[in-house]
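Remember, predicted model here, so these are calculated numbers, not experimental data. The basis for the numbers below is simple: all heavy atoms, side chains too, and nothing from hydrogens, waters or symmetry mates. Each residue takes its place number in the sequence, starting with 1.
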Amino acid sequence: MERRLLAAVALSIIVMLVYPIFLKKINPPSSSGLEQPMQFVEKKEVVETRRESKPEEIEEAVLPDGAISTMLANAKYEIDFSNIGGSIQRIKIKDGKRFDIDLVENALFQQGMLSIEGSGELSGLSSQLFAIREDTNSLYVEKQGLGIEKSVKFLRDKYALRSSIKITNLSSSTKNLSFELTAASKIASKEKFEARFVGVDLLSKDGTVKRITSGNSKKYNKLYHSDIEWLALRNKYYSIIAKPEFKPVGIFTKNIKNAPVTGFMLEDERIIPGETRSYDILYYIGPTERGELEDVDQSFGKALYFGRLTSIILVLLSVLRFFYGLFHNYGVAILLLTCCVSFLLFPLSFKSLKSMRRMQEIQPHIEKVRQEHKDNPQKLNKEMMELYRRYNVNPMGGCFPMLLQMPIFIALYQTLMRSVELKGAHFLWIKDLSMPDAAFHLPFTMPFLGNAINLLPILMIGAMIVQQKLSQAKTTAAQTDQQKMMATIMPVMFGFIFYSLPSGLVLYWLTNTVLTSSLQFFFLRKS
(Lines give C-alpha, C1' and ligand atoms only; values in the text may rest on other atoms or scores of the structure.)
Protein backbone atom coordinates (compact mmCIF):
# COMPACT_ATOMS: atom_id res chain seq x y z
CA MET A 1 0.00 0.00 0.00
CA GLU A 2 2.82 2.34 0.88
CA ARG A 3 4.35 1.98 -2.56
CA ARG A 4 0.96 2.56 -4.20
CA LEU A 5 0.48 5.74 -2.18
CA LEU A 6 3.95 7.02 -3.07
CA ALA A 7 3.32 6.21 -6.71
CA ALA A 8 0.05 8.14 -6.60
CA VAL A 9 1.74 11.18 -5.07
CA ALA A 10 4.58 10.99 -7.59
CA LEU A 11 2.08 10.71 -10.43
CA SER A 12 0.22 13.73 -9.05
CA ILE A 13 3.38 15.84 -9.05
CA ILE A 14 4.31 14.75 -12.57
CA VAL A 15 0.82 15.56 -13.85
CA MET A 16 0.96 18.99 -12.19
CA LEU A 17 4.32 19.79 -13.79
CA VAL A 18 3.58 18.39 -17.26
CA TYR A 19 -0.05 19.59 -17.36
CA PRO A 20 0.66 23.23 -18.36
CA ILE A 21 2.78 22.15 -21.34
CA PHE A 22 -0.01 20.09 -22.90
CA LEU A 23 -2.71 22.50 -21.71
CA LYS A 24 -1.77 25.20 -24.17
CA LYS A 25 -2.33 22.83 -27.09
CA ILE A 26 -5.96 22.30 -26.15
CA ASN A 27 -8.46 24.80 -27.45
CA PRO A 28 -11.06 25.96 -24.92
CA PRO A 29 -14.75 25.26 -25.49
CA SER A 30 -16.92 27.84 -27.22
CA SER A 31 -18.30 30.55 -24.98
CA SER A 32 -21.23 32.92 -25.13
CA GLY A 33 -21.36 36.38 -26.69
CA LEU A 34 -19.57 39.38 -25.28
CA GLU A 35 -20.83 42.39 -23.42
CA GLN A 36 -20.56 45.75 -25.14
CA PRO A 37 -17.22 47.51 -24.56
CA MET A 38 -17.07 50.66 -22.44
CA GLN A 39 -16.77 54.06 -24.11
CA PHE A 40 -13.88 56.40 -23.37
CA VAL A 41 -13.00 60.02 -23.88
CA GLU A 42 -9.58 60.22 -25.47
CA LYS A 43 -7.17 62.25 -23.36
CA LYS A 44 -3.48 62.63 -24.00
CA GLU A 45 -1.18 62.76 -20.98
CA VAL A 46 2.30 63.55 -22.24
CA VAL A 47 4.43 64.05 -19.15
CA GLU A 48 7.83 63.92 -20.80
CA THR A 49 9.24 63.94 -24.30
CA ARG A 50 12.83 62.87 -24.98
CA ARG A 51 14.84 62.81 -28.19
CA GLU A 52 17.76 60.45 -28.58
CA SER A 53 20.30 60.85 -31.33
CA LYS A 54 21.60 57.32 -30.82
CA PRO A 55 18.82 54.84 -30.04
CA GLU A 56 19.75 51.56 -28.44
CA GLU A 57 20.96 49.13 -31.08
CA ILE A 58 19.45 45.72 -31.51
CA GLU A 59 21.35 42.59 -32.34
CA GLU A 60 22.33 42.23 -36.00
CA ALA A 61 20.37 45.40 -36.90
CA VAL A 62 21.88 48.16 -39.01
CA LEU A 63 20.14 51.39 -38.06
CA PRO A 64 19.73 54.03 -40.75
CA ASP A 65 21.34 57.44 -40.32
CA GLY A 66 19.06 59.85 -38.50
CA ALA A 67 17.35 57.19 -36.34
CA ILE A 68 15.84 58.83 -33.25
CA SER A 69 13.04 58.15 -30.78
CA THR A 70 10.60 60.13 -28.67
CA MET A 71 9.55 59.02 -25.21
CA LEU A 72 5.92 59.47 -24.19
CA ALA A 73 5.13 58.90 -20.53
CA ASN A 74 2.29 59.01 -18.02
CA ALA A 75 1.58 57.36 -14.65
CA LYS A 76 1.32 53.89 -16.26
CA TYR A 77 3.85 53.84 -19.09
CA GLU A 78 7.06 54.92 -20.67
CA ILE A 79 6.84 54.42 -24.43
CA ASP A 80 9.60 55.04 -26.96
CA PHE A 81 8.17 56.02 -30.33
CA SER A 82 10.86 55.37 -32.96
CA ASN A 83 11.06 57.18 -36.27
CA ILE A 84 12.18 53.88 -37.85
CA GLY A 85 8.95 52.79 -39.46
CA GLY A 86 7.04 55.13 -37.14
CA SER A 87 6.65 52.34 -34.59
CA ILE A 88 6.71 51.68 -30.86
CA GLN A 89 10.21 50.53 -29.94
CA ARG A 90 9.98 50.12 -26.15
CA ILE A 91 7.23 49.83 -23.52
CA LYS A 92 7.95 50.07 -19.82
CA ILE A 93 5.04 49.39 -17.47
CA LYS A 94 4.97 51.40 -14.25
CA ASP A 95 3.20 48.99 -11.94
CA GLY A 96 2.36 50.55 -8.61
CA LYS A 97 1.46 47.15 -7.10
CA ARG A 98 4.53 45.32 -8.38
CA PHE A 99 7.90 45.92 -9.95
CA ASP A 100 8.20 48.13 -13.02
CA ILE A 101 8.91 45.96 -16.05
CA ASP A 102 10.31 46.50 -19.54
CA LEU A 103 7.62 44.56 -21.38
CA VAL A 104 8.92 45.35 -24.88
CA GLU A 105 12.50 46.31 -25.74
CA ASN A 106 14.36 47.05 -28.97
CA ALA A 107 11.40 46.35 -31.24
CA LEU A 108 12.44 47.87 -34.58
CA PHE A 109 11.60 47.43 -38.25
CA GLN A 110 8.91 44.74 -38.66
CA GLN A 111 9.09 43.99 -34.94
CA GLY A 112 8.03 47.52 -34.09
CA MET A 113 4.42 47.82 -32.94
CA LEU A 114 2.36 49.82 -35.49
CA SER A 115 4.92 49.12 -38.22
CA ILE A 116 3.48 48.51 -41.70
CA GLU A 117 5.00 46.29 -44.34
CA GLY A 118 3.40 45.58 -47.68
CA SER A 119 3.90 45.46 -51.39
CA GLY A 120 4.07 48.21 -53.98
CA GLU A 121 3.98 51.68 -52.45
CA LEU A 122 4.21 50.24 -48.93
CA SER A 123 7.23 48.04 -49.58
CA GLY A 124 10.03 48.83 -47.13
CA LEU A 125 7.84 51.14 -45.04
CA SER A 126 8.83 49.38 -41.80
CA SER A 127 12.39 50.69 -42.23
CA GLN A 128 11.43 54.13 -43.61
CA LEU A 129 12.41 57.14 -41.49
CA PHE A 130 9.37 59.09 -40.30
CA ALA A 131 9.44 62.75 -39.27
CA ILE A 132 8.58 63.31 -35.60
CA ARG A 133 6.02 66.04 -35.01
CA GLU A 134 6.59 66.99 -31.41
CA ASP A 135 3.69 69.47 -31.31
CA THR A 136 1.18 66.66 -31.95
CA ASN A 137 3.28 63.68 -30.74
CA SER A 138 2.81 61.99 -34.09
CA LEU A 139 5.08 60.70 -36.83
CA TYR A 140 4.62 61.34 -40.54
CA VAL A 141 6.11 60.25 -43.84
CA GLU A 142 5.24 60.60 -47.54
CA LYS A 143 6.03 57.68 -49.83
CA GLN A 144 5.07 57.25 -53.48
CA GLY A 145 1.94 59.32 -53.34
CA LEU A 146 0.85 58.22 -49.87
CA GLY A 147 0.92 60.22 -46.64
CA ILE A 148 1.16 58.05 -43.51
CA GLU A 149 0.65 59.54 -40.04
CA LYS A 150 0.87 57.61 -36.75
CA SER A 151 -0.03 58.77 -33.24
CA VAL A 152 -0.63 57.37 -29.75
CA LYS A 153 -2.92 58.69 -27.02
CA PHE A 154 -3.08 57.41 -23.42
CA LEU A 155 -6.29 56.61 -21.57
CA ARG A 156 -6.17 58.21 -18.15
CA ASP A 157 -5.65 55.91 -15.11
CA LYS A 158 -5.83 52.73 -17.20
CA TYR A 159 -3.33 50.32 -18.70
CA ALA A 160 -4.60 51.37 -22.09
CA LEU A 161 -3.92 53.58 -25.06
CA ARG A 162 -5.30 54.31 -28.50
CA SER A 163 -3.16 54.23 -31.59
CA SER A 164 -4.16 55.82 -34.88
CA ILE A 165 -2.72 55.24 -38.33
CA LYS A 166 -3.98 57.47 -41.13
CA ILE A 167 -3.14 56.75 -44.76
CA THR A 168 -3.97 59.52 -47.24
CA ASN A 169 -3.88 59.12 -50.99
CA LEU A 170 -1.97 62.20 -52.17
CA SER A 171 -1.84 61.05 -55.79
CA SER A 172 -4.33 61.45 -58.63
CA SER A 173 -4.94 57.72 -59.02
CA THR A 174 -6.73 55.09 -56.92
CA LYS A 175 -4.49 52.94 -54.73
CA ASN A 176 -5.11 49.28 -53.90
CA LEU A 177 -3.08 48.51 -50.78
CA SER A 178 -2.29 45.18 -49.12
CA PHE A 179 -0.16 45.14 -46.00
CA GLU A 180 0.59 43.65 -42.59
CA LEU A 181 0.23 45.86 -39.51
CA THR A 182 2.27 44.70 -36.52
CA ALA A 183 0.02 44.85 -33.45
CA ALA A 184 2.30 43.22 -30.83
CA SER A 185 5.79 41.76 -30.67
CA LYS A 186 8.82 40.92 -28.53
CA ILE A 187 6.91 40.51 -25.28
CA ALA A 188 9.33 39.84 -22.43
CA SER A 189 10.24 36.23 -21.63
CA LYS A 190 13.26 36.69 -19.39
CA GLU A 191 12.09 34.88 -16.26
CA LYS A 192 12.67 31.17 -15.78
CA PHE A 193 10.02 29.01 -17.49
CA GLU A 194 8.34 32.17 -18.84
CA ALA A 195 8.98 31.44 -22.53
CA ARG A 196 6.62 28.45 -22.47
CA PHE A 197 3.72 30.74 -21.54
CA VAL A 198 4.21 33.08 -24.51
CA GLY A 199 1.41 32.74 -27.03
CA VAL A 200 -1.19 34.47 -29.18
CA ASP A 201 -4.94 34.63 -28.51
CA LEU A 202 -7.61 35.58 -31.03
CA LEU A 203 -11.15 36.45 -29.92
CA SER A 204 -13.98 36.30 -32.46
CA LYS A 205 -17.05 38.48 -32.23
CA ASP A 206 -19.12 35.38 -31.40
CA GLY A 207 -17.10 35.04 -28.18
CA THR A 208 -14.92 32.06 -29.13
CA VAL A 209 -11.19 32.22 -28.42
CA LYS A 210 -8.49 30.60 -30.52
CA ARG A 211 -5.23 30.14 -28.62
CA ILE A 212 -1.95 29.69 -30.45
CA THR A 213 0.82 28.16 -28.35
CA SER A 214 4.35 29.48 -28.04
CA GLY A 215 5.86 27.21 -30.69
CA ASN A 216 3.09 27.83 -33.24
CA SER A 217 2.97 31.58 -32.57
CA LYS A 218 6.62 31.86 -33.67
CA LYS A 219 5.91 30.20 -37.01
CA TYR A 220 4.83 32.13 -40.07
CA ASN A 221 1.08 31.70 -40.17
CA LYS A 222 -1.72 33.51 -41.97
CA LEU A 223 -5.10 33.02 -40.36
CA TYR A 224 -7.89 34.48 -42.46
CA HIS A 225 -10.61 35.50 -40.07
CA SER A 226 -12.76 38.51 -40.90
CA ASP A 227 -14.72 38.58 -37.63
CA ILE A 228 -11.96 39.58 -35.21
CA GLU A 229 -12.79 41.19 -31.85
CA TRP A 230 -9.20 41.43 -30.60
CA LEU A 231 -5.74 39.94 -30.87
CA ALA A 232 -3.46 39.34 -27.87
CA LEU A 233 0.18 38.47 -27.30
CA ARG A 234 0.79 37.24 -23.75
CA ASN A 235 3.49 35.91 -21.49
CA LYS A 236 3.25 34.46 -18.00
CA TYR A 237 1.96 37.59 -16.26
CA TYR A 238 1.32 40.32 -18.87
CA SER A 239 -0.71 40.81 -22.04
CA ILE A 240 -0.69 43.10 -25.06
CA ILE A 241 -4.25 43.16 -26.41
CA ALA A 242 -5.07 44.99 -29.64
CA LYS A 243 -8.72 45.63 -30.49
CA PRO A 244 -9.01 46.96 -34.08
CA GLU A 245 -11.61 49.59 -34.89
CA PHE A 246 -11.43 48.51 -38.51
CA LYS A 247 -12.09 45.20 -40.23
CA PRO A 248 -8.95 43.20 -41.04
CA VAL A 249 -9.12 40.11 -43.22
CA GLY A 250 -7.19 38.10 -40.64
CA ILE A 251 -4.04 37.91 -38.53
CA PHE A 252 -0.48 36.79 -39.05
CA THR A 253 2.17 35.37 -36.73
CA LYS A 254 5.87 35.09 -37.44
CA ASN A 255 9.25 34.73 -35.78
CA ILE A 256 11.78 37.54 -36.18
CA LYS A 257 15.11 36.96 -34.43
CA ASN A 258 13.54 34.36 -32.11
CA ALA A 259 10.79 36.74 -31.00
CA PRO A 260 7.07 36.32 -31.75
CA VAL A 261 5.48 39.00 -33.93
CA THR A 262 1.75 39.18 -34.62
CA GLY A 263 -0.65 41.60 -36.20
CA PHE A 264 -3.45 42.26 -38.65
CA MET A 265 -3.62 41.57 -42.38
CA LEU A 266 -5.35 43.98 -44.75
CA GLU A 267 -5.80 43.25 -48.43
CA ASP A 268 -7.09 45.21 -51.41
CA GLU A 269 -7.72 48.39 -49.45
CA ARG A 270 -9.04 50.71 -52.18
CA ILE A 271 -8.24 54.37 -51.46
CA ILE A 272 -9.38 56.96 -53.99
CA PRO A 273 -7.45 60.24 -54.60
CA GLY A 274 -7.71 62.61 -51.64
CA GLU A 275 -9.23 59.97 -49.36
CA THR A 276 -7.87 59.32 -45.86
CA ARG A 277 -8.31 55.85 -44.38
CA SER A 278 -7.94 55.47 -40.58
CA TYR A 279 -6.79 52.33 -38.79
CA ASP A 280 -7.37 52.84 -35.07
CA ILE A 281 -6.57 50.28 -32.36
CA LEU A 282 -7.58 50.19 -28.69
CA TYR A 283 -4.72 48.66 -26.70
CA TYR A 284 -4.56 47.04 -23.30
CA ILE A 285 -0.93 46.67 -22.27
CA GLY A 286 -0.47 45.53 -18.68
CA PRO A 287 -0.82 42.73 -16.10
CA THR A 288 -3.21 39.91 -16.93
CA GLU A 289 -5.42 40.80 -13.99
CA ARG A 290 -9.17 40.55 -14.34
CA GLY A 291 -10.05 43.89 -12.75
CA GLU A 292 -7.53 45.81 -14.85
CA LEU A 293 -8.52 44.01 -18.05
CA GLU A 294 -12.26 44.56 -17.69
CA ASP A 295 -11.72 48.17 -16.61
CA VAL A 296 -10.65 48.86 -20.19
CA ASP A 297 -13.04 46.53 -22.05
CA GLN A 298 -15.32 43.79 -20.72
CA SER A 299 -14.23 41.42 -23.47
CA PHE A 300 -10.58 41.69 -22.39
CA GLY A 301 -11.42 39.54 -19.35
CA LYS A 302 -11.36 36.54 -21.68
CA ALA A 303 -7.59 36.95 -21.90
CA LEU A 304 -7.41 35.55 -18.36
CA TYR A 305 -7.14 31.88 -19.21
CA PHE A 306 -5.60 29.03 -17.23
CA GLY A 307 -6.82 26.05 -19.24
CA ARG A 308 -9.78 23.72 -18.82
CA LEU A 309 -9.88 24.46 -15.09
CA THR A 310 -10.18 28.23 -15.52
CA SER A 311 -13.56 28.36 -13.76
CA ILE A 312 -12.12 26.66 -10.65
CA ILE A 313 -9.02 28.84 -10.75
CA LEU A 314 -11.09 32.03 -10.92
CA VAL A 315 -12.91 30.93 -7.75
CA LEU A 316 -9.58 30.25 -6.02
CA LEU A 317 -8.29 33.64 -7.16
CA SER A 318 -11.39 35.30 -5.74
CA VAL A 319 -10.80 33.61 -2.38
CA LEU A 320 -7.11 34.57 -2.50
CA ARG A 321 -8.02 38.22 -3.17
CA PHE A 322 -10.64 38.12 -0.40
CA PHE A 323 -8.06 37.08 2.19
CA TYR A 324 -5.62 39.62 0.79
CA GLY A 325 -8.26 42.30 1.25
CA LEU A 326 -8.53 41.32 4.93
CA PHE A 327 -4.83 41.01 5.77
CA HIS A 328 -3.08 42.88 2.91
CA ASN A 329 -0.49 40.14 2.56
CA TYR A 330 -0.54 37.44 -0.11
CA GLY A 331 1.60 35.08 2.01
CA VAL A 332 -1.08 35.06 4.71
CA ALA A 333 -3.72 34.76 1.99
CA ILE A 334 -2.01 31.61 0.62
CA LEU A 335 -1.91 30.06 4.12
CA LEU A 336 -5.63 30.73 4.64
CA LEU A 337 -6.51 29.54 1.13
CA THR A 338 -4.63 26.30 1.79
CA CYS A 339 -6.54 25.81 5.03
CA CYS A 340 -9.84 26.38 3.23
CA VAL A 341 -9.00 23.89 0.49
CA SER A 342 -7.84 21.33 3.08
CA PHE A 343 -11.10 21.78 4.98
CA LEU A 344 -13.08 21.41 1.74
CA LEU A 345 -11.24 18.20 0.84
CA PHE A 346 -11.26 16.83 4.40
CA PRO A 347 -13.95 14.16 3.68
CA LEU A 348 -11.85 12.70 0.87
CA SER A 349 -8.64 12.92 2.91
CA PHE A 350 -10.39 11.29 5.87
CA LYS A 351 -11.62 8.44 3.67
CA SER A 352 -8.11 7.96 2.30
CA LEU A 353 -6.64 7.84 5.82
CA LYS A 354 -9.26 5.32 6.95
CA SER A 355 -8.31 3.08 4.06
CA MET A 356 -4.61 3.45 4.90
CA ARG A 357 -5.29 2.53 8.51
CA ARG A 358 -7.25 -0.59 7.49
CA MET A 359 -4.39 -1.63 5.23
CA GLN A 360 -1.95 -1.22 8.12
CA GLU A 361 -4.12 -3.41 10.35
CA ILE A 362 -4.20 -6.33 7.92
CA GLN A 363 -0.56 -5.96 6.86
CA PRO A 364 0.56 -9.01 8.92
CA HIS A 365 -2.08 -11.14 7.16
CA ILE A 366 -0.98 -9.83 3.76
CA GLU A 367 2.64 -10.71 4.53
CA LYS A 368 1.64 -14.21 5.66
CA VAL A 369 -0.30 -14.87 2.44
CA ARG A 370 2.63 -13.62 0.36
CA GLN A 371 5.03 -15.99 2.10
CA GLU A 372 2.68 -18.97 1.75
CA HIS A 373 2.05 -18.50 -1.99
CA LYS A 374 5.18 -16.72 -3.19
CA ASP A 375 5.78 -19.45 -5.78
CA ASN A 376 2.20 -19.46 -7.09
CA PRO A 377 1.20 -16.02 -8.42
CA GLN A 378 -2.31 -17.08 -9.41
CA LYS A 379 -3.04 -18.57 -6.01
CA LEU A 380 -1.48 -15.51 -4.36
CA ASN A 381 -3.77 -13.11 -6.24
CA LYS A 382 -6.82 -15.19 -5.40
CA GLU A 383 -5.96 -15.34 -1.69
CA MET A 384 -5.20 -11.61 -1.61
CA MET A 385 -8.59 -10.79 -3.11
CA GLU A 386 -10.24 -13.09 -0.60
CA LEU A 387 -8.34 -11.36 2.21
CA TYR A 388 -9.49 -7.93 1.05
CA ARG A 389 -13.08 -9.18 0.80
CA ARG A 390 -13.00 -10.80 4.25
CA TYR A 391 -11.78 -7.64 5.96
CA ASN A 392 -13.77 -5.28 3.69
CA VAL A 393 -10.67 -3.43 2.49
CA ASN A 394 -10.20 -1.76 -0.88
CA PRO A 395 -6.48 -1.75 -1.81
CA MET A 396 -7.03 1.36 -3.91
CA GLY A 397 -9.15 3.07 -1.27
CA GLY A 398 -6.27 5.32 -0.20
CA CYS A 399 -5.37 6.36 -3.75
CA PHE A 400 -8.79 6.91 -5.29
CA PRO A 401 -9.76 9.86 -3.05
CA MET A 402 -6.41 11.44 -3.88
CA LEU A 403 -7.18 11.19 -7.60
CA LEU A 404 -10.52 12.90 -7.00
CA GLN A 405 -8.60 15.81 -5.47
CA MET A 406 -6.34 16.19 -8.50
CA PRO A 407 -8.45 18.88 -10.30
CA ILE A 408 -8.22 21.07 -7.17
CA PHE A 409 -4.47 20.46 -6.82
CA ILE A 410 -3.88 21.27 -10.50
CA ALA A 411 -6.06 24.38 -10.23
CA LEU A 412 -4.08 25.53 -7.18
CA TYR A 413 -0.84 24.84 -9.01
CA GLN A 414 -1.94 27.00 -11.94
CA THR A 415 -3.29 29.71 -9.63
CA LEU A 416 -0.09 30.10 -7.66
CA MET A 417 2.21 29.45 -10.62
CA ARG A 418 0.76 32.11 -12.93
CA SER A 419 -1.10 34.68 -10.81
CA VAL A 420 0.27 38.15 -11.44
CA GLU A 421 -1.02 39.11 -7.98
CA LEU A 422 1.95 37.28 -6.44
CA LYS A 423 4.51 39.17 -8.51
CA GLY A 424 6.46 41.40 -6.13
CA ALA A 425 4.41 40.28 -3.11
CA HIS A 426 6.38 40.04 0.19
CA PHE A 427 6.04 37.51 3.00
CA LEU A 428 8.46 37.04 5.91
CA TRP A 429 11.94 36.85 4.29
CA ILE A 430 10.42 36.31 0.82
CA LYS A 431 10.72 39.38 -1.40
CA ASP A 432 8.72 38.03 -4.33
CA LEU A 433 6.20 35.18 -4.05
CA SER A 434 6.35 34.66 -7.82
CA MET A 435 10.05 33.72 -7.55
CA PRO A 436 12.09 31.26 -5.41
CA ASP A 437 12.41 32.58 -1.85
CA ALA A 438 16.25 32.97 -1.94
CA ALA A 439 16.65 33.14 1.84
CA PHE A 440 20.46 33.22 1.62
CA HIS A 441 22.73 34.29 -1.21
CA LEU A 442 26.05 32.59 -1.86
CA PRO A 443 29.26 34.06 -3.28
CA PHE A 444 29.43 31.15 -5.73
CA THR A 445 27.12 29.14 -7.96
CA MET A 446 26.18 25.52 -7.24
CA PRO A 447 25.21 23.06 -10.00
CA PHE A 448 21.40 22.85 -10.44
CA LEU A 449 20.80 25.09 -7.41
CA GLY A 450 22.29 28.41 -8.48
CA ASN A 451 23.74 31.01 -6.13
CA ALA A 452 20.97 31.10 -3.54
CA ILE A 453 19.68 28.86 -0.76
CA ASN A 454 15.91 28.52 -1.01
CA LEU A 455 14.66 27.72 2.47
CA LEU A 456 11.03 26.79 1.73
CA PRO A 457 11.86 23.68 -0.37
CA ILE A 458 14.21 22.50 2.41
CA LEU A 459 11.45 22.91 4.99
CA MET A 460 9.11 21.10 2.61
CA ILE A 461 11.53 18.15 2.41
CA GLY A 462 11.59 17.92 6.22
CA ALA A 463 7.79 18.08 6.45
CA MET A 464 7.39 15.37 3.80
CA ILE A 465 9.86 13.08 5.59
CA VAL A 466 7.82 13.45 8.78
CA GLN A 467 4.65 12.75 6.80
CA GLN A 468 6.17 9.60 5.29
CA LYS A 469 7.24 8.29 8.71
CA LEU A 470 3.76 8.89 10.14
CA SER A 471 2.13 6.90 7.34
CA GLN A 472 4.53 3.94 7.38
CA ALA A 473 2.94 0.61 8.07
CA LYS A 474 4.31 -2.10 10.32
CA THR A 475 5.93 -4.59 7.99
CA THR A 476 8.87 -6.93 7.75
CA ALA A 477 12.43 -5.73 8.28
CA ALA A 478 13.17 -5.78 4.54
CA GLN A 479 10.08 -3.75 3.74
CA THR A 480 10.85 -1.38 6.61
CA ASP A 481 14.28 -0.68 5.13
CA GLN A 482 12.66 -0.07 1.76
CA GLN A 483 10.13 2.31 3.30
CA LYS A 484 12.87 4.20 5.12
CA MET A 485 14.73 4.64 1.88
CA MET A 486 11.61 5.82 0.03
CA ALA A 487 10.71 8.13 2.93
CA THR A 488 13.97 9.99 2.25
CA ILE A 489 14.35 9.70 -1.52
CA MET A 490 10.83 10.83 -2.44
CA PRO A 491 10.84 14.08 -0.40
CA VAL A 492 14.34 14.94 -1.67
CA MET A 493 13.18 14.36 -5.24
CA PHE A 494 10.12 16.55 -4.75
CA GLY A 495 12.24 19.21 -3.06
CA PHE A 496 14.56 19.20 -6.07
CA ILE A 497 11.56 19.61 -8.42
CA PHE A 498 10.10 22.46 -6.36
CA TYR A 499 13.44 24.17 -5.72
CA SER A 500 13.18 26.63 -8.60
CA LEU A 501 9.40 27.06 -8.59
CA PRO A 502 7.64 30.20 -7.27
CA SER A 503 7.83 30.47 -3.49
CA GLY A 504 4.06 31.04 -3.31
CA LEU A 505 3.51 27.57 -4.77
CA VAL A 506 6.08 25.98 -2.43
CA LEU A 507 4.47 27.78 0.53
CA TYR A 508 1.16 26.17 -0.37
CA TRP A 509 2.70 22.71 -0.67
CA LEU A 510 4.57 23.08 2.63
CA THR A 511 1.42 24.22 4.43
CA ASN A 512 -0.65 21.45 2.89
CA THR A 513 1.97 18.86 3.93
CA VAL A 514 1.94 20.13 7.53
CA LEU A 515 -1.87 20.01 7.65
CA THR A 516 -1.95 16.51 6.16
CA SER A 517 0.74 15.28 8.56
CA SER A 518 -1.20 16.65 11.51
CA LEU A 519 -4.33 14.86 10.34
CA GLN A 520 -2.39 11.61 9.90
CA PHE A 521 -0.88 11.93 13.37
CA PHE A 522 -4.17 12.50 15.17
CA PHE A 523 -6.03 9.85 13.19
CA LEU A 524 -3.51 7.08 12.62
CA ARG A 525 -1.69 7.38 15.96
CA LYS A 526 -4.52 8.41 18.27
CA SER A 527 -7.38 6.43 16.75
- Report the C-alpha distance between Leu161 and Ile281 in whole Å, list the side-chain angles of each, state the deciding distance to 0.1 Å, and finish with yes or no for side chain to side chain contact (heavy atoms under 4.5 Å, CB included). CA-CA 8 Å; Leu161 54 88; Ile281 300 175; over 6 Å; no
Spacing of [X] atom [atom1] and [Y] atom [atom2] [to the nearest 0.5 Å]:
X: Glu121; Y: Gln144; atom1: CD; atom2: CD; answer: 5.5 Å
X: Arg277; Y: Ile165; atom1: CZ; atom2: CD1; answer: 13.5 Å
X: Ser126; Y: Gln111; atom1: OG; atom2: CD; answer: 10.5 Å
X: Tyr77; Y: Lys158; atom1: OH; atom2: NZ; answer: 11.5 Å
X: Ile79; Y: Ile285; atom1: CD1; atom2: CD1; answer: 5.5 Å
X: Phe323; Y: Cys340; atom1: CZ; atom2: SG; answer: 3.5 Å

Are [X] and [Y] packed together at the side-chain level, in the sense that at least one heavy-atom pair is separated by less than 4.5 angstrom?
X: Phe179; Y: Glu117; value: no
X: Ile212; Y: Asp201; value: no
X: Asn235; Y: Thr288; value: no
X: Ser115; Y: Phe109; value: no
X: Val506; Y: Tyr499; value: no
X: Thr276; Y: Ile167; value: no
X: Val261; Y: Gln110; value: no
X: Lys186; Y: Met113; value: no

- Query: Do Asp280 and Ser164 have side-chain N/O donor and acceptor atoms under 3.5 Å apart?
  - Reply: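 Yes.
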- Task: Would you kindly say whether Asp297 and Ser299 are connected by a side-chain donor-acceptor distance under 3.5 Å?
- Result: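 A pair is found: one side chain offers a donor N or O, the other an acceptor, under 3.5 Å apart.
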Identify the two heavy atoms, one from [X] and one from [Y], that lie closest to each other, and give their separation to 0.1 Å.
X: Glu149; Y: Arg133; result: OE2-NH1, 3.4 Å
X: Leu129; Y: Ala67; result: CD2-CA, 4.4 Å
X: Ser185; Y: Gly112; result: OG-N, 4.4 Å
X: Tyr330; Y: Arg321; result: OH-CG, 4.3 Å

- Taking NZ, NE, NH1 and NH2 as the nitrogens, is one of them in Glu245 or Arg162 under 4.0 Å from a carboxylate oxygen of the other?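 The answer is yes: the pair qualifies as a salt bridge.
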- Ion pair present between Lys175 and Glu269, side-chain N to carboxylate O less than 4.0 angstrom?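 Salt bridge flag = no for Glu269 with Lys175.
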- Message: Would Asn83 and Leu139 count as a side chain to side chain contact (heavy atoms under 4.5 Å, CB included) here? Give the steps.
- Response: CA-CA 7 Å; Asn83 70 336; Leu139 295 95; 4.1 Å; yes
- Indicate the ring-plane relationship of Tyr284 and Tyr159, choosing parallel, tilted or perpendicular according to the 30° and 60° boundaries.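 It falls in the perpendicular class, over 60°.
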- Query: Taking the inter-plane angle between the rings of Phe300 and Trp230 on a 0 to 90° scale, is it parallel (under 30°), tilted (30 to 60°) or perpendicular (over 60°)?
  - Reply: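 It falls in the perpendicular class, over 60°.
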- Task: Measure from NZ or CZ of Lys222 to the centre of the six-membered ring of Phe252 and say whether it is under 6.0 Å with the direction within 45° of the ring axis.
- Result: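 No, cation not above the ring by the 6.0 Å, 45° rule.
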- Query: Ignoring hydrogens and geometry, is there a side-chain-to-backbone donor-acceptor pair from Asn329 to His426 under 3.5 Å?
  - Reply: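 Here the side-chain-to-backbone pair exists.
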- Side-chain donor or acceptor of Asp102 paired with backbone N/O of Glu105 under 3.5 Å: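 Judged by distance alone, no pair lies under 3.5 Å.
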- Passes side-chain hydrogen bond (donor to acceptor under 3.5 Å, both in side chains), Tyr238 versus Glu289? Steps please. CA-CA 8 Å; Tyr238 295 87; Glu289 187 176 352; over 6 Å; no
